[in-house]
Protein chains: 2
Amino acid sequence: MKKTAEINATQVCQVRMQAISDAMSLLSGKWKFHILGTLIEGNALGFMDLLREVKGIGTKMLSKELQDLEVNNLVSRKVMNTKPITVEYTITEYGKTLSPLIDEIAKWGIDYRKSVYGKTDK
Amino acid sequence: MKKTAEINATQVCQVRMQAISDAMSLLSGKWKFHILGTLIEGNALGFMDLLREVKGIGTKMLSKELQDLEVNNLVSRKVMNTKPITVEYTITEYGKTLSPLIDEIAKWGIDYRKSVYGKTDK
DNA sequence: TCTGGTACTTCCCAATTGGAAACTACTTTC
DNA sequence: GAAAGTAGTTTCCAATTGGGAAGTACCAGA
């Protein structure tokens, strides 16, 4: 009869749990994955481009989310020397390392949707 | 000069974005991954076991999160016929399909931590 | 009968998140 | 000079999230 934690007391689990918290604190929120996914797909987009691509987002959120992603080195921001000043947002090399993770989530989400709305013989 | 969305207008992107939203709506929150991870690691835990394993969680949150996970068929709840009534929480077969995703997040989180606190020659 | 263990629920509150609308600021075009 | 396009910021508000503490209910053992 155990009265104290056992499973998660191991070093390996502690590290894993911490890692998941780290990752999710960077990637949580309604828009992060949408923005990252869009930037992975189409490189170098302006603020207004993103506003049009990421359906439903407003200027405040987009601005804030891009800042978050920038300080975490997932997205880079470059002010261009154009007549009406434009800004180029691109995914960084480091941001690209999220591709397998995003793919895995998308894959699971697609399967989930199938299992809910899909065939009834399950 | 494009004025309308182009990248995310494709059917493939729409489906992917929807899938990511689906998945995250089930898995977001402070505790979901911790609970799932613990249940994947150690099968069949009681409410109080989980309360001890998932460091920091309170009864209210644990109860609510377990209900969420149960309705989405990721965790199963079984009331045991014991003297002081006990409940067994187990991960479902479907819940186990989250393993690769959880592994991927943990892996990325560990690498992220290394890139922040790790070697400076990067 | 009182303490302790199981498994919760309820209530109240604070912090965070997210959104709409308006506003800034600068430039080019009509 | 007004309109439109660039890239945001600010303000105000509502909804969601999360936590602490206490309460409920049932049973067993000292």
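Reminder, nothing fancy here: chain letters follow the sequence lines and each chain counts from 1.
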For this session: Could I get the full list of salt bridge (Lys or Arg N to Asp or Glu O under 4.0 Å) partners for B:Asp22, not counting sequence neighbours?
Result: A:Arg113
For this session: Using a cut-off of strictly less than 4.0 Å, decide whether A:Gln67 has a side-chain nitrogen or oxygen near OP1 or OP2 of D:dT9.
Result: yes
Seminar exercise, completed: Out of D:dT6, D:dG8, C:dA7, minimum distance to the side chain of A:Ser63 belongs to D:dG8
For this session: Sequence neighbours left out, what pairs pass salt bridge (charged side-chain N to carboxylate O under 4.0 Å, His left out) with at least one residue falling in residues 8-18 of chain A?
Result: A:Arg16-B:Asp103
For this session: Starting at atom CG of A:Leu62, determine the distance to atom P of C:dG19, rounded to an integer number of angstrom.
Result: 12 Å
For this session: For B:Ser25, check side-chain contact (heavy atoms from CB on, under 4.5 Å) against everything at least two apart and list the hits.
Result: none
Exercise. Using 30° and 60° as the class limits, which term best fits the ring planes of A:His34 and A:Trp31: parallel, tilted or perpendicular?
Worked result: perpendicular
Exercise. Nearest-Å distance, CG (A:Leu50) to C1' (D:dA7)?
Worked result: 12 Å
Exercise. Atom CZ of A:Arg77 and atom P of D:dT6: how far apart are they, to the nearest Å?
Worked result: 15 Å
Exercise. Quick check: does any side chain N or O of B:Thr92 sit under 3.5 Å from a backbone N or O of B:Asn73, one acting as donor and the other as acceptor?
Worked result: yes
Exercise. Rounding to a whole Å, what distance do you find between B:Leu51:CG and C:dA7:C1'?
Worked result: 10 Å
Exercise. How long is the line joining CE of B:Met24 and P of C:dT17, in whole Å?
Worked result: 14 Å
Seminar exercise, completed: Going 5' to 3' through nucleotides 15-30 of chain D and flagging B where a protein heavy-atom sits under 4.0 Å of the base, S where only the sugar-phosphate is that close, and - otherwise, we get ---BBB------SS--
For this session: Starting from P on D:dA7, measure out to CG on A:Asn81 and report it in whole angstrom.
Result: 14 Å
Exercise. Whole-Å distance between C:dA7 C1' and B:Glu53 CD?
Worked result: 17 Å
Exercise. Who pairs with A:Lys107 by salt bridge (Lys or Arg N to Asp or Glu O under 4.0 Å), at least two apart in sequence or on another chain?
Worked result: A:Glu104
Exercise. OP1 or OP2 of C:dT6 sitting under 4.0 Å from any side-chain N/O of B:Arg52?
Worked result: yes
Problem set entry | salt bridge (charged side-chain N to carboxylate O under 4.0 Å, His left out): pairs with one or both residues in residues 79-96 of chain B, sequence neighbours excluded | B:Glu93-B:Lys96
Exercise. Does a side-chain N or O from A:Tyr89 land closer than 4.0 Å to OP1 or OP2 of D:dG8, or not?
Worked result: yes
Problem set entry | Listed nucleotide nearest any side-chain atom of B:Thr86, set C:dC8, D:dA7, C:dT6 | C:dT6
Exercise. Atom CG of B:Leu66 and atom C1' of C:dT9: how far apart are they, to the nearest Å?
Worked result: 14 Å
